[in-house]
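Every number for a ligand or one of its atoms is a count from 1 in the order of the listing.
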Amino acid sequence: MKLPHTGRALADAAPVPYWLDRPERPDPLPPLTGTHTADLLVVGGGYAGLWTALLAKQADPARDVLLVDAGTCGWAASGRNGGFCAASLTHGLANGVDRFPGEIDELERLGRENLDGIAATVAEHGIDCDFERTGELAVAVKPHQLAGLAEDAELARRYGHDVRLLDRDEVRAEVDSPTYLGGMWDRDRVAMLDPAKLAWGLRRACLDLGVRIHEHTRVTGLRRDGGALLATAGGADAAPGSVRARQVALATNAFPPLLRRLRAWLVPVYDYALMTEPLTPEQRKAIGWENRQGLADTGNQFHYYRITADGRILFGGYDAVYHYGNRIAPELEQRTATFTALAEHFHATFPQLEGLRFSHRWGGVIDTCTRFCPFFGTAYEGRLAYTAGFTGLGVGATRFGARVMLDLLGGEETPLTRLDLVRSKPLPFPPEPLRAAGINLTRWSLARADAHEGRRNLWLRTLDRLGLGFDS
Ligand SMILES: Cc1cc2nc3c(=O)[nH]c(=O)nc-3n(C[C@H](O)[C@H](O)[C@H](O)COP(=O)(O)OP(=O)(O)OC[C@H]3O[C@@H](n4cnc5c(N)ncnc54)[C@H](O)[C@@H]3O)c2cc1C
């Protein structure tokens, strides 16, 4: 049903990510020109690359670290996400228990340590990113989802999480939506933060420690050059130049990878979000939300939403859109059908907020892999390390990915490089046209399962058995 006010609510929404559309955005640093050398070249200035550069410098201030980004640091997923910073390294506990039963205790401990490490860096470097450890409230909006929540709560308690199961009245006392039937509040393993300000703050901290950063510099090729690697930068939107680096960390997320082998493991998937105008005190009162948790409903096609420091609501998710041939393009960041659906779902969730308008609408690309959590590896006789595959839950886990890349480049076995998570790889996606056909059949099946009390059809059950999947 199309609500009459949806069009009006979206009419003035700017087609850009809210987080990046603010005066705090730093001026770009000059592109790389000429020939350079470095101990460590980091390719990509999202969280994964920025954490790699920062942690490398913290460990060894004398290491000469150079970071380049094809755009500006944080312009891509890192500056436009929901800002849910989760401790989980495995895209949730259940996925981790399924895939890494032998080491999930250790992964949970490392995830917790990772989130604490992010909080410590934010405090140490004075990164003003509105970091609030308010947890995440998962809500059931259909009766069949209640049993799932109870199972999740039991599993989470078994691993020592501080969770509360809430009945309908209790969840509505936290955040008031007539659609809520129950909830599970995981109280300290997720923090809410301002994603772009985290990226900009990490960039600032890198510069303060002496990392050299060049923006609008796309690496177009990598090859061996004696005992080092030579990265060339060029193309229409980048200056000509090159870097001869002893080691390279590849942190290019869903973008066309510089290593051919990564293509089979990654698909770029578009995820979309809306931001409202700031709520008035009366509107805030009408929904409660005093504890400022992140919220997510629990269907396969789920929404995630949260309140910002200045009292807006970010509402995203639901659709996860793949374009044939791994296509990534600026025009794909806008999708009217998805924005209309999100606006309708927002108003159905909070009918009390009728009349509230959206100020921004945007999309961004996610590096989905078949196991939903990051993978790692090396190339060029261990001179290059990579991490990718965060599948929509990389705000926190990218720092762990950076630690792993640095350990891999160190060349010695460490507790991190011994992990099965680090040594194993996801199952590959098939080539086109099977890739698009499989993804679209999976999307259709997931939507159908949501409409039929969560019942998974033969296709989904087969994928489950093979340990394959598609998610955002
Ligand atoms: C709409 C949306 C909502 C999300 N919400 C959440 C959330 O709430 N919680 C969560 O945990 N995760 C979320 N995510 C996912 C999260 O944002 C990512 O997992 C994370 O930011 C990945 O960081 P990254 O550094 O790997 O990638 P990116 O931030 O994408 O950075 C990669 C960088 O590499 C650069 N690059 C690529 N190729 C080259 C090249 N050849 N040369 C030079 N530079 C290159 C790009 O310019 C880019 O800046 C969301 C993502 C989206 C899109």
Item checked: Under 4.0 Å from ligand 1, counting heavy atoms only: the protein residues, by chain and number ->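 Contacts of ligand 1 under 4.0 Å: Val43, Gly44, Gly45, Gly46, Tyr47, Ala48, Asp69, Ala70, Gly71, Trp75, Ala76, Ala77, Ser78, Arg80, Asn81, Gly82, Gly83, Phe84, Thr217, Arg218, Val219, Ala251, Thr252, Asn253, Phe255, Asp271, Tyr304, Gly364, Val365, Ile366, Phe390, Gly392, Leu393, Gly394, Val395, Thr398.
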
Next item on the list: Indicate the ring-plane relationship of Tyr304 and Phe302, choosing parallel, tilted or perpendicular according to the 30° and 60° boundaries.
Entry: tilted

Checklist line | N/O donor-acceptor pair under 3.5 Å between Lys57 side chain and Arg63 backbone | finding: yes

Notebook entry, point to check: Under the 3.5 angstrom rule, does the side chain of Arg244 hit a backbone N or O of Asp225 as a donor-acceptor pair?
Noted result: yes

Next item on the list: Using only heavy-atom distances, determine whether the side chains of Arg312 and Ser359 contain a donor-acceptor pair under 3.5 Å.
Entry: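 The answer is yes; a qualifying pair exists.
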
Margin query: Just by distance, no angles: are the side chains of Ser424 and Arg371 close enough, under 3.5 Å, to form a donor-acceptor pair?
Written below: yes

Next item on the list: Please determine if Arg218 forms a cation-pi arrangement with Phe255, meaning its NZ or CZ atom is less than 6.0 Å from the six-membered ring centre and no more than 45° off the ring axis.
Entry: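 No, cation not above the ring by the 6.0 Å, 45° rule.
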
